[in-house]
Participant: 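Pasting in a structure now, in structure tokens, and then I'll have a few things to ask.
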Amino acid sequence: MAINSISTNLRGLASIEHLLFDKNTTETIEGFTDIRRKEYLNILGLNLVSKATIYNSKWNTFRTKFIENNSTGINGSINQVINQMYALLEDVKSYKIGQPAGIEKTSVSDRTLLQAQKSEYSLVLIQNNIESIKNIYFGNENGIDDFVSSITKNETLNNKIKIQFETIENTISAFGNSSLKEAIINDKANVKKLYNEVKQLLVLIKTDVASVLSVTITFTDNDGD
């Protein structure tokens with residue numbers, strides 16, 4: 001597909017967001033009277049569907065092998081899952097909250113660094129990230145929590161993590177109808193709280209869960225915490 005030959009910053013979700021949210025509603029609708037703009041948006045969407053289909057096919061092919069991989073080394077499935085959970089939490093903490101809000105790396109906020117600053121869906125995306133990690137940890141029937149409780153013979157750590165997820169969810173709810181883009185200016189205290197609560201969950205995964213499951217964290221974080 002020709003779309004794959006152009007620069008990555010001209011395709012993908014960021015480009016779709018730019019086409020749909022860069023201007024106000026009236027200007028956006030007027031812009032799509034240009035048939036080429038409309039066709040470009042359609043191609044971008046189809047390209048995303050194509051990539052999602054390819055990745056889904058790859059996963060279905062690899063799924064059984066991944067599930068049956070009981071290796072205790074860094075290539076083991078549990079090790080990879082915990083590392084990816086940690087990597088996503090680090091991404092949320094640093095790139096999706098800390099740096100845009102001027103909490104991490106700099107004291108100056110820069111809202112253009114937000115993942116979805118034009119559409120103002122940044123907080124929704126963070127919420128979905130946290131929900132996906134929670135679903136992986138607790139699972140539908142079997143999750144990481146079952147491995148933890150089978151080793152520790154209690155629910156102490158799992159309960160700590162459950163409470164931490166609830167704290168993050170409540171902190172996100174406290175933003176009300178305010179977007180993260182607005183809150184960085186008007187509700188700095190709650191933005192800092194969200195950052196700290198995500199950081200606390202990250203520490204629980206990196207230190208406590210990794211220790212219980214004898215997982216080696218191979219992902220390198222940004223600020224050494």
Participant: Return the minimal non-hydrogen interatomic distance between Y40 and R11, and the atom names on each side.
Facilitator: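 Here Y40 and R11 meet closest at OH-N, 4.4 Å.
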
Participant: Do the side chains of I144 and L213 get nearer than 4.5 Å, heavy atoms only?
Facilitator: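 Heavy-atom side-chain distance check passes, below 4.5 Å.
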
Participant: Looking at E30, is its backbone amide N or carbonyl O close enough to the side chain of T33 to form a donor-acceptor pair, meaning the two atoms are under 3.5 Å apart?
Facilitator: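 Such a contact is found between T33 side chain and E30 backbone.
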
Participant: Using a strict cut-off of less than 4.0 Å between a Lys/Arg side-chain nitrogen and an Asp/Glu carboxylate oxygen, indicate whether E39 and R36 qualify as a salt bridge.
Facilitator: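 No salt bridge links E39 with R36.
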
Participant: Give, for atom OG of S179 and atom CG of L114, the distance between the pair rounded to the nearest 0.5 Å.
Facilitator: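 Between atom OG of S179 and atom CG of L114 there are 8.5 Å.
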
Participant: Is there side-chain contact between I184 and P100, with heavy atoms separated by less than 4.5 Å?
Facilitator: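 In short, these two side chains touch, coming nearer than 4.5 Å.
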
Participant: If you compare all heavy atoms of S178 against all heavy atoms of A183, which two are closest, and at what distance to 0.1 Å?
Facilitator: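 Shortest heavy-atom separation between S178 and A183 comes out as OG-N, 3.7 Å.
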
Participant: Is it the case that the side chain of S109 and the backbone of G102 share a donor-acceptor pair, with hydrogens and angles ignored and the cut-off at 3.5 Å?
Facilitator: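 Checking the backbone N and O of G102 against the side chain of S109, no donor-acceptor pair under 3.5 Å is found.
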
Participant: From N196 CG over to T167 OG1, what is the distance, rounded to the nearest 0.5 angstrom?
Facilitator: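 If I round to the nearest 0.5 Å, the distance is 12.0 Å.
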
Participant: Is it the case that atom CZ in F147 sees more than 12 heavy atoms from other parts of the structure closer than 6.0 Å?
Facilitator: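 For F147, atom CZ is not crowded (no more than 12 foreign heavy atoms under 6.0 Å).
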
Participant: Between F62 and W59, what is the ring plane arrangement, given parallel below 30°, perpendicular above 60°, and tilted in between?
Facilitator: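 F62 and W59: perpendicular rings.
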
Participant: Tell me whether the count of non-hydrogen atoms from other residues, nucleotides or ligands lying under 6.0 Å of CZ in F165 goes above 12.
Facilitator: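 Counting neighbours around CZ of F165, more than 12 heavy atoms of other residues, nucleotides or ligands fall under 6.0 Å, so yes.
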
Participant: To the nearest 0.5 Å, what is the distance between CD1 on I217 and CG on N83?
Facilitator: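 Answer rounded to 0.5 Å: 4.5 Å.
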
Participant: Taking the side chain as every heavy atom from C-beta outward, state whether I136 and Q84 have any pair of such atoms under 4.5 Å apart.
Facilitator: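 No, every pair of side-chain atoms sits at 4.5 Å or beyond.
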
Participant: State, to 0.1 Å, how close D22 and H18 come at their nearest heavy-atom pair, and which atoms those are.
Facilitator: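 Reported closest heavy-atom pair: CB-O, 3.0 Å.
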
Participant: Check step by step if side-chain contact (heavy atoms from CB on, under 4.5 Å) holds for I103 and V191.
Facilitator: CA-CA 9 Å; I103 298 170; V191 174; 4.2 Å; yes

Participant: Taking V49's backbone N and O only, do any of them form a donor-acceptor pair with T53's side chain (distance below 3.5 Å, no angle check)?
Facilitator: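 It does hold such a pair.
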
Participant: At what distance, to the nearest 0.5 angstrom, does CD of E169 lie from CD1 of I130?
Facilitator: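 The CD atom of E169 sits 8.5 Å away from the CD1 atom of I130.
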
Participant: Is there a path of hydrophobic side-chain contacts, each under 4.5 Å between heavy atoms of I, L, V, M, F, W or Y residues, that connects F21 with F32?
Facilitator: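 Per the 4.5 Å side-chain linkage, F21 and F32 are co-clustered.
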
Participant: Ignoring hydrogens, what is the shortest heavy-atom contact between G31 and R37? Give both atom names and the distance.
Facilitator: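 Closest heavy-atom pair between G31 and R37: O-CD, 3.1 Å.
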
Participant: Any non-hydrogen side-chain atom of D91 less than 4.5 Å from a side-chain atom of F219?
Facilitator: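 Counting from C-beta outward, D91 and F219 never come under 4.5 Å.
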
Participant: Are L204 and I151 connected in a single hydrophobic cluster, I mean Ile/Leu/Val/Met/Phe/Trp/Tyr linked by side-chain heavy atoms less than 4.5 Å apart?
Facilitator: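 The answer is yes; both residues are in one hydrophobic cluster.
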
Participant: Please walk me through it: do V92 and I97 pass side-chain contact (heavy atoms from CB on, under 4.5 Å)?
Facilitator: CA-CA 6 Å; V92 170; I97 305 171; 4.0 Å; yes

Participant: Under a 3.5 Å cutoff, is there a donor and acceptor pairing between the side chains of Y195 and E104?
Facilitator: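 Checked: Y195/E104 side chains pair up, N/O donor to acceptor below 3.5 Å.
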
Participant: Taking the side chain as every heavy atom from C-beta outward, state whether T152 and N158 have any pair of such atoms under 4.5 Å apart.
Facilitator: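 Answer no - side chains too far apart.
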
Participant: Under a 4.5 Å side-chain heavy-atom rule over Ile, Leu, Val, Met, Phe, Trp and Tyr, are F66 and I133 clustered together?
Facilitator: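 Yes, same cluster.
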
Participant: If you define the side chain from C-beta out and look only at heavy atoms, does anything of E120 sit under 4.5 Å from K181?
Facilitator: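 Yes - at least one pair of side-chain heavy atoms lies under 4.5 Å apart.
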
Participant: Hey, are the side chains of I161 and F138 touching, using non-hydrogen atoms and a 4.5 Å cut-off?
Facilitator: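 Yes; the side chains approach each other to less than 4.5 Å.
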
Participant: Tell me if a side-chain donor or acceptor on D146 pairs with a main-chain N or O of G143 at a distance below 3.5 Å.
Facilitator: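 Such a contact is found between D146 side chain and G143 backbone.
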
Participant: Cluster question for you: counting only ILVMFWY and a side-chain heavy-atom cut-off of under 4.5 Å, with indirect links fine, are V148 and I163 together?
Facilitator: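 No, V148 does not connect to I163 through the hydrophobic network.
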
Participant: Looking at K160, I'd like to know if its NZ atom is crowded, meaning that more than 12 non-hydrogen atoms belonging to other residues, nucleotides or ligands lie closer than 6.0 Å.
Facilitator: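 No, not enclosed.
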
Participant: Please check if the side chain of T28 supplies one atom and the backbone of K23 the other of a donor-acceptor pair under 3.5 Å.
Facilitator: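 Indeed, once roles are kept as given, a pair shorter than 3.5 Å links the two residues.
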
Participant: Test side-chain contact (heavy atoms from CB on, under 4.5 Å) on L48 and I16 and set out the steps.
Facilitator: CA-CA 10 Å; L48 283 181; I16 292 175; 3.5 Å; yes

Participant: Nearest 0.5 Å please: distance from the CG atom of L125 over to the CG atom of L13.
Facilitator: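 That separation rounds to 8.5 Å.
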
Participant: Is a donor on one side and an acceptor on the other found under 3.5 Å between the side chain of Q164 and the backbone of E197?
Facilitator: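 Checked: pair present.
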
Participant: Is the closest side-chain donor-acceptor distance between Q115 and K96 under 3.5 Å?
Facilitator: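 Side-chain D/A pair, Q115 to K96: present.
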
Participant: Mind running side-chain contact (heavy atoms from CB on, under 4.5 Å) on Y95 and L113 for me, showing each step along the way?
Facilitator: CA-CA 8 Å; Y95 295 111; L113 296 177; over 6 Å; no

Participant: Does K65 offer a backbone N or O that forms a donor-acceptor pair with the side chain of N69 under 3.5 Å?
Facilitator: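 Looks like no, no N/O pair under 3.5 Å.
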
Participant: Is there a path from I43 to L20 through hydrophobic residues (I, L, V, M, F, W, Y) whose side chains come within less than 4.5 Å of each other?
Facilitator: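 Result: yes, single cluster for both.
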
Participant: Distance check, rounded to the nearest 0.5 Å: I82 atom CD1 versus S77 atom OG?
Facilitator: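 It comes to 11.5 Å.
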
Participant: Any side-chain to backbone donor/acceptor pair from N190 onto T171? Under 3.5 Å, distance only.
Facilitator: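 Yes, N190 side chain to T171 backbone: donor-acceptor pair under 3.5 Å.
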
Participant: Between the side chains of Q99 and T106, is a donor N or O closer than 3.5 angstrom to an acceptor N or O?
Facilitator: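 No, no side-chain donor-acceptor contact under 3.5 Å.
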
Participant: I want to check something: taking the side chain as every heavy atom from C-beta on, are N70 and I78 in contact at a cut-off of under 4.5 Å?
Facilitator: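 No, their side chains stay 4.5 Å or more apart.
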
